[in-house]
Amino acid sequence: MPEADEDDDEEMPLSLRLSIADTLTLGNATCGFMAVYFTTTGILIPHLQGSQETGMARHSAATAVILMLCAAVFDLFDGLVARKLRSSPMGAELDNLSDLISFGLAPAYFVLVYGMVADDAHQRVAAVGAIVVLLAVVLRLARFSCVTVKDGTFQGMPSPFGALTVVSIVLLELPFVATLLAIIGTAWLMVSRVEYPKPRGRLAVAMLSWIVLSMGLLAAWAFDAPSGQLLLQTGCALQLVMGAVIPLFATARRVNNFRDNRREARAAQVP
């Protein structure tokens, strides 16, 4: 008679078990999908129907960007939780797929809709910019899975930071050409070899604080608070400044390290 207890055969394969970190990663994907949903239902569809209600579009745009910020929070914490607790064998794949939705598709779609609803925008040209953003994130995530870099750094602008920079450019309401050039520049930074520090320790706390502050600025803008527009534009401008300054600091650090290495090599050759 076969044994009645066949728990070993009935156990779920290890590769199909979700960890706590995986659950956070799925929250990241959900936020990205809902950002696309609010961009469609609150901005694109009313525009196509000829609606003149700007308040609804403002609320939906703020909600979509806040959801991208929430996705960035999930992305930040799933890595921290995975390092502290166990992570499943499919954790890395889930993370890449979720990042593609939240920081590739969602911001690219935001740019595409901007090109359809903005007065001075050109829809087809904006579509090209959206494709550039999407492909940059795809290439960056693929390279991240294949290339090994030194610990504590990313090669290229991280996709969450890049996505938030892209939507900040759109929300600044710059002239169309300037907006498109800034978006393409951000996409280039994501696939560049510029080193960015990983958000750990104090940097992770600073990043989380910046995300919470950004959510507050978006809420103030959505509800038409006094100086809400100015506060939002200030926050978006700071996001762009950080995106431009970090590569400069990283490049300066690499140049200084190169000079120090050359000096040490010359000193070692002196008898």
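The structure displayed is predicted, hence computed values, not measured ones.
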Do Phe38 and Leu67 make a side-chain contact, defined as non-hydrogen atoms from C-beta onward lying under 4.5 Å apart? yes
Can you check whether Asn28 reaches Phe103 side chain to side chain, under 4.5 Å on heavy atoms? yes
List for me each residue that meets ring pair (Phe, Tyr, Trp, His ring centres under 6.0 Å) alongside Phe176, sequence neighbours excluded, and say none if there are none. His122
Just checking Leu240: does its CG atom have more than 12 heavy atoms from other residues, nucleotides or ligands closer to it than 6.0 angstrom? yes
A side-chain contact here means heavy atoms from C-beta on lying under 4.5 Å apart; do Gln229 and Glu173 qualify? yes
For Asn96, side chain to side chain donor-acceptor pair (under 3.5 Å) partners two or more places apart: Ser145
Looking only at heavy atoms, the pair that brings Arg140 and Met190 closest together is CD-O, 3.5 Å
pair Phe110-Met68: side-chain heavy atoms closer than 4.5 Å: yes
Does the side chain to side chain donor-acceptor pair (under 3.5 Å) test come out yes or no for Trp210 and Gln239, once each step is laid out? CA-CA 9 Å; Trp210 173 246; Gln239 178 73 27; 2.8 Å; yes
Starting at SG of Cys236, measure out to CG of Leu218 and round the result to the nearest 0.5 Å. 7.0 Å
Do His59 and Phe223 make a side-chain contact, defined as non-hydrogen atoms from C-beta onward lying under 4.5 Å apart? yes
Contacts of Leu181 that satisfy side-chain contact (heavy atoms from CB on, under 4.5 Å) - sequence neighbours left out: Val177
